[in-house]
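Chain naming here is simple, since letters A, B, ... match the order of the sequence lines and numbering starts at 1 in each.
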Amino acid sequence: MHEQQTVRLQTEVDTHASRTHTCGELSEGHVEHHVILKGWVDTRRDLGGVIFIDLRDRFGLTQIVFSPQDNQAAYNKAENLRSEDVISVKGTVRLRSNDTINPKLPTGKVEVRIEDVLVLNTANALPFSVSSHEEKRNLANEELRLTYRYLDLRRPELLEKLVLRHKVYQATRNVFVKHGFMEVETPVLMKSTPEGARDFLVPSRVHAGQFYALPQSPQTYKQILMIAGFDRYFQIVKCFRDEDLRADRQPEFTQVDVEISFANEETVYNITEDLLATLWKEILDIELPLPFPRMTYQEAITKYGSDKPDLRFGLEIHDLSHAFEGSGFRVFDNVLASGGKIVGINVPGQGDRGRGAMDRLDKDVVRKRIGAGGLVYFKLPSDGSETYSSVKAEVLPASAVEKAVEAIGAKQGDLVLVLAGKDHQVHEQMGALRLHMAKDLNLIPQGNQGPWSFLWVTDFPLLEWDEDSQRYYAMHHPFTSPHPDDMESMFDNPGATRARGYDIVLNGHEIGGGSIRIHNRDIQSQMFKLLDIDEEEAERRFGFLLKAFDYGAPPHGGIAMGLDRIVMLMGGTENIRDVIAFPKTQSAQELMVQSPDIVDDHQLNDLHIRVEMPPEE
RNA sequence: GGUCCGGUAGUUAAGUUGGUUAUAACGCCGGCCUGUCACGCCGGAGGCCGCGGGUUCGAGUCCCGUCCGGACCGCCA
């Protein structure tokens, strides 16, 4: 092995006074001031007789200059300084000559000539580069960056996101305090609620065989607080769901949790809109037009095939069933006969796509990824030649194709994509295809320069039918109030009952959701009945809440917002890990501390737990 | 549980139809350089091509398995 010859500097005790300035604040006004700066060596430029170092802390960069004329000892030390060494320097602020001003740095009009330097700590050669100057260089892969998260967090780009997050906490608290809300902490060790996501469980030492659960949300506690008369509650709170991860989903995440007494939907919408408008105004200096637009769940599914539609681009879904009635095309006829729908989107400017591209779209996207039966498409070539149908005219008459093309409003040069299937399902599939096409054609703006497409999605269904278990599940949760106009349908047509539930959507991401709750014992009983929860089970699982309802529960409702997602979108990233200091990988591991991990047997014994490993295949 | 993409010096990438000594840039080490600012110039070191197996005279390259990372589906009241 070749030994590295570097002479590492001896580290020194910091005998300097506290820093007088950060590395981001010196300017012309400080010229001739004696200053003390402390920070990390970002880049070092050794010109032989003079050494420049960009000193970095979280506030910025300042160029410091070592020259034998200023101080020989300091210059000698500077010769051996390396990236990320931590130093304290004493020196004098000097104006840079006109030709040496660095317009890229806020501190670029000045520099500090160093009279004394202390090496507070040295740094090994880094596994990847973290310099403030590295923005244009290729980023190390995320696995490595997560393993050395403390280095990754030194990068201004990531630091910026966490500063943004900090500002969101502060502004959020201010908004709620302004509106008379009270911040209350609820337990992190609570009770498992089998419905919904999988719980993270915490074994009890004192109660053998029993478990706490980490909250999926403080739902029941916040309702109890309303019954306690707290009137308006909020909390910035960690929540936990043991489900598989996504780009915008972590197993532990932060909610802005809100509950309001004597509230209706408008109360919740107003507060939420004020919060979001304030965040955007104070932090991004962007004025959001209020109120946010609203759309019913039904419309969102019908027009966009999603309960969180991204309205920043068109490609709306059209129902083409009528155009294909009696077309004689067996596939379509069968779908229509069984009550299904034929839906399409018009993709402008794509009418000249090649056969190969369309085949791949059908095979790889429509069938494989989206899981639809197959794609039918019509191309309207840009040269004005005859419409091309993917289904031969002998099978699907040209007249039907013309009707559909007209119904959807396709013009020369456009491409019409058509799917057929079960009503709700085919809309969702087309929604997925719509998103795919938008991404493929770069119709979705990136970054945080807007547009900001906020949307309330309202009138969610109360219940969701599960084919596997042949029963209803609560779409939101079992305490969501049915829509006042749908009280009867709760008894005669449960599946069609709308709820007083709503989501707030931003640019196609669900950033919050909530409901007006049930505070009437009879309606709650009927809800449990629909959910196939008998009295005994209701008592066991929610007895405390039902009992509380009997002691004077005010009407109430609320919302919970996903703080991580809000910060993510404000920060212009699509990666939730970028706004969490210590996030987990897709397989739910934290690579720096290497969690989860095995524990000692005595710990397991204390908890009355025996581990049985899954059989190895 | 499934589909897809990726894994090659410290880092980011290239690597042809399977063929001699696996390239480049940055970083690192040594030297030179008194106004740089992603300083520059000269030189050098640095590789279990993720791991295991197979095919082949020969594998970074082809096949199978596996691990890790990522995107997505399922899942996420």
Side-chain angles (χ1 to χ4, degrees), chain A residues 1-7 42-54 61-70 75 82-83 96-97 99-105 107-108 111 124-148 193-199 216-217 219-220 239-251 253 364-365 367-371 428-429 432 435-436 439 460 462-464 466 468 472-480 499 501 510 513 515 531 560 562 574-575 577 585-587 589 591 617:
Chain A
M1 277 300 281
H2 178 82
E3 285 292 315
Q4 293 204 334
Q5 307 271 316
T6 328
V7 182
D42 192 280
T43 45
R44 177 172 162 280
R45 295 175 289 280
D46 184 346
L47 273 65
V50 60
I51 296 170
F52 299 95
I53 282 175
D54 288 333
L61 288 176
T62 299
Q63 174 166 284
I64 59 178
V65 190
F66 295 86
S67 152
Q69 283 84 58
D70 294 329
Y75 175 80
R82 292 294 179 270
S83 288
R96 298 202 202 179
S97 65
D99 55 328
T100 60
I101 284 174
N102 185 348
K104 284 183 271 181
L105 290 186
T107 60
E111 62 192 11
N124 292 340
L126 300 164
F128 57 93
S129 175
V130 302
S131 162
S132 289
H133 291 293
E134 304 293 318
E135 306 88 356
K136 287 176 204 151
R137 292 209 181 133
N138 291 320
L139 206 52
N141 82 52
E142 203 175 356
E143 188 177 359
L144 189 70
R145 293 193 288 119
L146 288 171
T147 307
Y148 296 90
T193 51
E195 251 177 296
R198 269 184 289 270
D199 284 321
Q216 296 178 24
S217 86
Q219 184 59 41
T220 48
C239 300
F240 306 85
R241 292 177 193 174
D242 189 5
E243 296 294 346
D244 287 345
L245 287 78
R246 287 287 187 279
D248 67 352
R249 226 158 72 189
Q250 285 270 304
F253 58 100
D364 298 338
V365 179
R367 291 170 198 259
K368 214 164 181 177
R369 275 184 57 189
I370 295 174
E428 288 192 327
Q429 289 169 340
L435 267 183
H436 172 87
K439 279 179 193 151
F460 271 77
L462 187 66
L463 304 162
E464 213 173 4
D466 182 65
D468 293 340
Y472 285 111
Y473 280 92
M475 190 140 182
H476 189 52
H477 58 60
F479 311 107
T480 301
E510 180 200 326
S515 64
L531 296 175
E574 295 277 298
N575 180 351
R577 296 180 296 277
T585 65
Q586 199 161 70
S587 61
Q589 288 178 297
L591 296 179
E617 288 300 316

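The separation of C33(B) from U11(B), taken at their C1' atoms, amounts to 27 Å, rounded to a whole angstrom. Atom name P, nucleotides G53(B) and G58(B): the rounded distance is 15 Å, in whole Å. Distance noted for atom C1' between C4(B) and U12(B): 23 Å (whole Å). Distance check on atom C1': U61(B) versus A22(B) gives 12 Å, rounded to whole Å. Comparing C64(B) with A59(B), their C1' atoms are spaced 15 Å from each other, to the whole Å. Spacing of C1' atoms, G10(B) relative to C32(B), comes out at 25 Å, to the nearest Å.
With hydrogens and angles ignored, a donor-acceptor pair under 3.5 angstrom links the side chain of Arg96(A) to the base of C37(B). Contact annotation: side chain of Arg82(A) to base of C29(B), donor-acceptor pair absent below 3.5 Å.
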**Item:** Nucleic acid footprint by protein, nucleotides 65-72 of chain B - heavy-atom cut-off 4.0 Å, B for base, S for sugar-phosphate alone
**Value:** ---SSBBS
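As a whole-Å value, the separation of Gln216(A) CD from C76(B) C1' is 9 Å. When rounded to the nearest whole Å, the span between CD of Glu111(A) and P of U34(B) equals 17 Å. Across the protein-nucleic acid pair, Gln429(A) atom CD and G74(B) atom P stand 10 Å apart, rounded to whole Å. Note: CG (Asp466(A)) to P (C75(B)) measures 8 Å, nearest angstrom.
Side-chain atoms of Tyr75(A) and Asp70(A), non-hydrogen and from C-beta on, never get closer than 4.5 Å to each other.
Legend: residues meeting side-chain contact (heavy atoms from CB on, under 4.5 Å) with Asp199(A), ordered by chain and number and at least two apart, are Ser192(A), Thr193(A), Leu201(A), Ala213(A), Gln216(A). Residues satisfying the salt bridge (Lys or Arg N to Asp or Glu O under 4.0 Å) test with Arg44(A), not counting sequence neighbours, are Asp46(A). Residues satisfying the side-chain hydrogen bond (donor to acceptor under 3.5 Å, both in side chains) criterion with Thr585(A), sequence neighbours excluded, are Ser587(A). Residues satisfying the side-chain contact (heavy atoms from CB on, under 4.5 Å) test with Thr480(A), not counting sequence neighbours, are Leu462(A), His476(A), His477(A), Ala499(A), Ser515(A).
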Measure all distances between protein nitrogen or oxygen atoms and nitrogen or oxygen atoms of nucleotides 8-10 of chain B, and list the pairs falling under 3.5 Å.
residue: G10(B); atom: O2'; partner: Pro127(A); partner atom: O; Å: 2.8

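In summary, of the residues considered (Leu245(A), Asp244(A), Asp242(A)), a side chain to side chain contact (heavy atoms under 4.5 Å, CB included) with Pro251(A) occurs for Leu245(A) alone.
With distances taken from any side-chain atom of Ala125(A) to the nucleotides C28(B), C76(B), C37(B), the minimum falls on C28(B). The side chain of Asn102(A) lies closest to C37(B) when the candidates are C37(B), C75(B), C76(B). Nearest to the side-chain atoms of Lys368(A) among the listed nucleotides C33(B), C4(B), U36(B) stands C4(B).
Place Ala474(A) and Ser97(A) on RNA chain B by their nearest nucleotides, and Ser97(A) ends up nearer the 5' end.
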